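Here the structure comes first, spelled out in structure tokens, and everything after it is commentary.
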Amino acid sequence: MRRQHLVAVAGVGVAAVGVATGIRFVLAHQAAIARRRIGKPLGERSIDADRVWRPSLAGEPIELLVLGDSLAAGLGAERRKQTLGGRLAKGMGRRMGRPVHLRTAAVVGSESPDLAAQLADLPEGYAPHVAVIVVGGNDVTHRIPVAVSTQHLRDAILRLRRRGAEVVVGTCPDLGALRPVPQPLRCLVSSLSRRLAEAQTETALAAGARPVDLRRAVGPMFFDDPDAMFSMDRFHPSALGYRRTAEALLPTVCLAAGAALSSRRQAPR
């Protein structure tokens, strides 16, 4: 009986390995299909939107820094005012009655481990009032462990806080909205992106940043109207997609900027 039991267990083990291998093969094949469908029709360079926005308003400009991946960089926008940074800067200026100086350190294709290099490239002594980080989609597609992603996010937040910046984190969008990704891979990346977003929220709060759950705030819009919300590659946001994403971030960004301005006014000289 013992030998029969061992044979049965071994058979189950072999079957499980076979199933796992088959699943990996299917997912790898579907990932290749998704890459071919998406391609790179937008190239790899985003529009340069860095400037002082709303310059006619009174007062010294609020310093706004945007870090992260292609979403943060604004890939897919056709005009600089349509980029995420441009929309945030315009909206901040309007709400706060101050000009806003935008600096974009985000780089297309970046993952959370790349945040350190983006910070290293900033001028010495640069002290933004508020920094917005949007990163995570590439972490999911490139299978970076959640613990690694959140450690790099935490390090970036703490470095920005040491520069005197308030930090806002737009958490990983729900990649289940990507129609070019076939099932069951789309379901898997949706689950993985939700898990990363939850971990990013916890990390941001623990490190003193303000998280904004983009999956809840704008995810349903991308699911319900992908033709309008995505750009021509069906992967990056369209002008409308960036507008809705900026609208979701803007209230928290303005609160953070207000806190930074108040803190610096009260700081001893």
Side-chain angles (χ1 to χ4, degrees), residues 23-24 27-28 30-31 34-35 38 66-76 84 105-119 131-161 167-223 226 229-230 234-237 241-242 244-246 248-249 252-253:
I23 291 173
R24 284 196 296 270
L27 294 179
Q30 291 188 334
R35 285 192 293 271
I38 294 168
V66 180
L67 306 103
D69 55 22
S70 54
L71 197 161
L75 187 66
L84 182 64
V107 178
V108 174
S110 290
E111 303 160 355
S112 295
D114 297 314
L115 292 173
Q118 293 178 18
L119 288 170
V132 177
I133 302 174
V134 181
V135 72
N138 293 321
D139 296 45
V140 172
T141 59
H142 295 162
R143 295 179 291 182
I144 295 177
V146 170
V148 173
S149 296
T150 53
Q151 181 60 53
H152 285 282
L153 176 62
R154 176 182 178 276
D155 291 346
I157 293 170
L158 294 179
R159 289 177 63 181
L160 287 163
R161 298 286 289 160
V167 183
V168 175
V169 176
T171 61
C172 182
D174 190 340
L175 301 188
L178 299 176
R179 296 294 179 88
V181 179
Q183 296 287 16
L185 180 59
R186 195 193 315 164
C187 183
L188 175 61
V189 297
S190 179
S191 176
L192 293 174
S193 58
R194 288 198 299 270
R195 180 184 172 207
L196 177 57
E198 291 169 356
Q200 287 175 324
T201 296
E202 295 176 2
T203 299
L205 290 171
R210 304 166 189 249
V212 176
D213 188 340
L214 294 181
R215 178 178 68 86
R216 293 181 183 275
V218 296
M221 302 179 198
F222 282 88
F223 274 93
M229 296 293 288
F230 284 105
R234 298 179 295 167
F235 186 85
H236 295 93
Y242 279 118
R244 298 305 185 209
T245 302
L249 289 164
T252 303
V253 172

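A quick note: this is a predicted structure, and the numbers were derived from the prediction, not measured. All heavy atoms count here, side chains included; hydrogens, waters and symmetry mates do not.
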To the closest 0.5 Å, what do you measure between [atom1] ([X]) and [atom2] ([Y])?
X      : Y      : atom1 : atom2 : answer
Arg215 : Glu198 : CZ    : CD    : 6.5 Å
Leu175 : Arg186 : CG    : CZ    : 11.5 Å
Glu111 : Asn138 : CD    : CG    : 6.0 Å
Gln200 : Ile157 : CD    : CD1   : 9.0 Å

Would the distance check show the side chain of [X] and the main-chain N or O of [Y] forming a donor-acceptor pair, the cut-off being under 3.5 Å?
X      : Y      : answer
Ser191 : Leu188 : no
Gln118 : Ala156 : no
Thr150 : Ala199 : no

Might you point out which heavy atoms bring Gly170 and Leu249 nearest each other, and give the distance in Å?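 Smallest heavy-atom distance, with atoms named: CA-CD2, 4.0 Å.
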Give me the atom names and distance for the closest heavy-atom approach of Ala197 to Cys172. CB-O, 3.7 Å
Do [X] and [Y] come close enough that some side-chain heavy atom pair is under 4.5 Å?
X      : Y      : answer
Leu67  : Leu160 : yes
Val134 : Leu214 : yes
Ser110 : Leu115 : no
Leu196 : Asp139 : yes
Arg143 : Leu192 : no

Quickly, which of Leu71, Val218, Leu75, Leu84 forms a side chain to side chain contact (heavy atoms under 4.5 Å, CB included) with Pro237? Name it, please. Leu71
Short side-chain donor-acceptor distance under 3.5 Å, Ser190 and Arg194: yes
